[in-house]
Structure formats: C-alpha cells, structure tokens
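Read the structure below first, then the notes.
Computed from heavy atoms alone, side chains included, the values below leave out hydrogens, waters and symmetry copies.
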Amino acid sequence: MSGMMNWQQLLSDARWGSRHRSTASPQKNRSNYDRDYGRILFSSAFRRLQDKTQVFPLGRNDYVRTRLTHSLEVAHIGSSLGMLAGEWLAKKGSLPAPIMPSDVATIVSTACLAHDIGNPPFGHSGEDAIETALKRHGLELPFEGNAQGFRILTRTGDPMEGNGLKLTAAVLGAFMKYPCTQSYSSAVRKGSIVAANKLECKKFGIGEQEREAASFMAGHLGLIPRSTPDAAHLCWSRHPLAYLMEAADDICYRIADIEDGYFSGLLDFASTRDLFSPFLTESQLCYVRELEAKEEKDSCIHYMRALAIGKSIQSAVDSFVNHEEDLLQGRLEQSLIDSSELAAPLNGLYQYAIKNVYQAREVIEVEAMGYKVLGELIDFFMEWVNHPSSGQSQKIAIMLQGTGVPRNNGGKAARLEHMLDYISGMTDSFALETYRKLTGIL
C-alpha cells in the first residue's frame with residue numbers, strides 16, 4: 001500500500017477518548033497541543049520518572065540524569081527541532097491555517113516529554129528482566145516500553161474512564177516510533193510479512209488492547225496503512241514528526257551520556273574533549289584550549305556539550321528538510337541522525353559509550369539488581385495471576401487495592417495485564433522497597 005501524507009491531516013487536534021465537552025473555559029492563547037503538554041507534565045506516570053534510572057544508579061552523585069531530567073532535556077531539544085522545522089514548513093506554505101511554527105514545536109516537545117513514560121524501573125535492562133521472568137512461567141510475552149507508553153497515554157493514564165490522558169492525534173502520532181502491533185513486528189522478523197519500511201517495525205508500539213486508539217490516531221492523521229484495518233497484524237507509516245522526536249532523544253542521550261560519564265569519573269577529560277571536538281569550529285576549539293590552560297575542565301565540558309547539541313539540532317533539521325518528500329511518503333528507512341552530516345561523530349559517541357560507560361561496574365550492578373528485583377516481584381504476583389483464590393493471592397489483592405484491580409479479579413489475561421502495568425510503573429525505590437518487604441530484608 002502506498003500514498004502520501006499531508007500536513008493538513010498530520011497536525012490534527014482530534015482528541016482520543018473525549019466523551020464529553022470540557023467544563024474548562026476556553027483559553028484564547030493556549031492550543032490543544034499545549035494542553036497535552038500539561039496533561040503529561042502533571043500525570044503521575046511522568047512524575048514517577050524522577051526515581052527511575054536513566055543509565056547511572058540514582059544517588060551516585062547529584063549530577064547524573066534520571067529518566068525525568070532526561071525527558072525534560074529531550075523535550076527542550078524537541079521544541080527547538082519542531083520550531084525550526086515549523087518555520088521552514090511555514091515559509092514554503094505547507095502549514096495549514098491556523099497552525100503556527102510554535103504549534104509544531106509544542107507537538108514535538110510534548111511527544112518528547114512522554115517518550116520514556118512507559119519504561120520500567122532499573123534502566124535499559126528492565127524490559128529484558130520482565131521478559132525473562134515471564135518466560136519462567138511459560139509466557140512468551142515481549143515487554144516493550146514504547147507500547148507501554150502508548151498504553152499509558154491512551155488507556156491507563158486516566159483509570160476513571162480508561163481512555164488515558166485524552167491527547168490529540170498529532171501528539172500521539174509524533175510519540176509513536178513504532179506504529180505496529182507486536183504480531184506485525186514478529187511476522188516481519190520471521191519473514192512472513194515483507195515490511196514496506198523496516199524502521200517502522202524494528203520494535204512494536206501498539207498493544208492488543210490499544211488497537212482502537214491506534215486506528216483512531218492513524219485515521220485522523222492520514223498515516224499510510226501497511227495492512228488492512230481488520231487485519232490480525234496492524235501497521236502504519238511513521239508520522240514525520242516522530243522522526244524529530246527520535247532525533248531529540250538520539251541527540252540527548254548520545255551527548256549527555258558522555259557528559260555524565262565524565263562527571264561520574266568513568267571518562268577522563270582528554271577522551272571527552274576529543275569526542276566532542278568534531279562538533280566545534282576552530283575558533284571554538286581555541287577557546288576550549290584557553291579554558292583547559294586555566295584548569296577549568298568542567299566548564300570546558302559544559303561548553304562543548306552545549307555546542308555539540310546546537311550543531312546536532314541544526315544537522316537533524318537539515319536532514320528533515322532534505323528528506324521531507326520521503327517522510328511524507330513513508331519511505332525514509334533511517335533516522336534523521338543516521339542520515340545527517342553528523343552521523344559519524346554522533347555514532348562515535350554512542351559506540352564509545354557502549355564500551356566505556358554502559359559496561360561500567362556500577363551500571364551493570366543496577367541492571368543486575370533489576371533482574372533480581374523485578375524477577376522476584378513477578379514470581380510473587382504470578383500467584384495471583386494464576387490462582388486468584390489462594391490464600392496468598394487474597395493478600396496480594398489487598399496489596400493491590402486502589403490500583404484498579406479488574407472487577408472480581410477478572411480473567412487471567414486481565415490480571416496479567418494489571419500486574420505488568422503495576423510493576424512496570426514502579427519507581428526504582430518502590431520496587432526495591434517492595435522486594436525487601438516481601439523477602440524480609442528490612
């Protein structure tokens with residue numbers, strides 16, 4: 001299936017899940033996209049990111065980033081990317097009235113704010129820890145933070161109505177990196193489906209219970225369907241602004257993880273300086289040498305990090321401009337960063353971090369702890385999933401009161417979904433505290 005998306009539809013402010021008119025007074029200078037930003041910012045799921053590991057263990061020092069500070073930084077970079085892209089689109093007459101460049105900036109920034117909202121505790125290994133524990137119980141059930149994030153935004157973020165945070169289609173589309181179901185992504189990997197664009201289905205972003213929300217979003221945005229609406233395996237093209245959201249995340253973590261590595265003592269000054277040098281002009285490098293001569297090394301790293309981010313933002317926007325037609329036709333199979341002029345130095349940062357930051361003892365320790373803690377929590381709660389009438393399960397049900405337990409304990413599938421929502425939504429500290437209580441470690 002082929003076609004071409006258009007900006008008139010792609011910026012739709014149709015709101016998923018709204019069943020009644022808002023009682024709030026209209027605000028002349030506040031867009032629907034800005035309301036979305038507030039809904040995410042004030043949500044409990046977003047607030048919990050303050051106590052979720054980004055890379056380094058929480059408490060090592062006051063400098064390193066948590067999921068919350070990372071998300072705020074990504075949102076800021078996303079705003080810059082969206083504004084520059086929006087100004088270019090407006091200049092060539094592609095923005096429909098009354099959309100302004102600032103609206104594009106807000107859409108991208110809001111999607112960025114939520115991009116990690118579905119991630120479980122204990123850093124990058126949390127997803128693997130959950131999958132590994134489920135396999136011990138005979139469940140081949142992939143856990144994907146992107147799909148969990150979409151579930152929060154469209155279903156569980158507002159437990160009263162079950163329609164999530166009721167966000168606009170444009171923000172949901174910009175959030176969705178992988179607009180396909182797990183079954184579609186799996187079929188592509190097995191070779192039973194030939195993907196129109198492999199980047200869209202490298203992972204999956206739509207859970208089975210969120211198919212209706214995804215169809216609503218895709219229909220209002222005019223995303224190109226890769227499957228029929230009633231197909232067992234669903235997939236659509238990516239929203240062009242999802243590439244900007246992805247670029248903001250790529251820029252932020254590739255550069256910030258190197259900076260955090262330096263301030264955590266894992267990387268020395270010379271190595272960090274050399275990694276950032278390709279992003280600087282000769283006059284800027286001259287100033288770096290002056291700071292170094294004054295022994296102002298920390299200030300030097302701050303300065304180089306800021307310049308690296310600025311140059312990367314412009315490079316990503318240039319890539320967006322150069323590939324707009326491919327984006328609208330759903331054909332771009334690389335990220336904006338990988339198709340930009342700074343692909344090599346940004347990839348160099350990432351590869352260096354893999355060897356010298358992500359494999360550091362303290363990083364591996366928190367990941368190992370995640371396997372232990374999440375594994376045993378799942379083992380404990382699976383008793384309720386499998387045998388809801390047992391004595392232990394009745395106590396677990398009491399523990400889960402106030403968390404939206406399925407009525408009459410629901411069926412096994414409903415209990416499993418609820419357990420995964422509950423455990424993946426935990427902060428690092430709450431998961432560890434719960435584990436200690438259950439195992440008698442006080």
Report the relative orientation of the aromatic rings in His302 and Phe263; use parallel for angles under 30°, tilted for 30 to 60°, perpendicular for over 60°.
parallel
Using the salt bridge (charged side-chain N to carboxylate O under 4.0 Å, His left out) rule, take Glu376 and Lys372 through it: C-alpha gap first, then chi angles, then the decisive distance, then the call.
CA-CA 6 Å; Glu376 295 214 13; Lys372 179 69 173 177; 2.7 Å; yes
Under a 4.0 Å threshold between the charged nitrogen and the carboxylate oxygen, would Asp428 count as salt-bridged to Lys52?
no
Short N-O contact, Asp421 and Arg151, less than 4.0 angstrom:
yes
Knowing that exactly one of Arg226, Lys177, Arg238 qualifies, which makes a side-chain hydrogen bond (donor to acceptor under 3.5 Å, both in side chains) with Glu200?
Arg226
Hey, what's the ring geometry for His418 with Trp384, parallel, tilted or perpendicular (30° and 60° as the breaks)?
perpendicular
Can you tell which of Arg415, Lys412, His137 makes a side-chain hydrogen bond (donor to acceptor under 3.5 Å, both in side chains) with Asn386?
Lys412
Heavy-atom side-chain proximity of Leu199 to Leu332 below 4.5 angstrom
no
Within the 4.5 Å heavy-atom criterion, are Asp13 and Asp103 side-chain neighbours or not?
no
Looking at Glu417, Gln209, Glu212, which one forms a side-chain hydrogen bond (donor to acceptor under 3.5 Å, both in side chains) with Arg155?
Gln209
Should we count OH of Tyr350 as having more than 12 external heavy atoms under 6.0 Å?
no
Is any side-chain heavy atom of Ser43 less than 4.5 Å from a side-chain heavy atom of Leu165?
yes
Mind checking ring-ring contact (aromatic ring centres under 6.0 Å, His included) for Tyr422 and listing every partner two or more places apart, or none if nothing turns up?
Phe381
Quick check: do Leu95 and Leu11 have side-chain heavy atoms less than 4.5 Å from each other?
yes
Under the ring-ring contact (aromatic ring centres under 6.0 Å, His included) definition, can you give me all pairs with a residue in residues 213-242, not counting sequence neighbours?
Trp16-Phe216, Phe216-His220
4.5 Å side-chain heavy-atom contact, Tyr33 and Ile99
yes
State plainly whether the residues Arg15 and Asp36 are in salt-bridge range, i.e. N to O under 4.0 Å.
yes
Answer yes or no: is there a donor N or O on one side and an acceptor on the other, between the side chain of Arg48 and the main chain of Gly425, under 3.5 Å?
yes
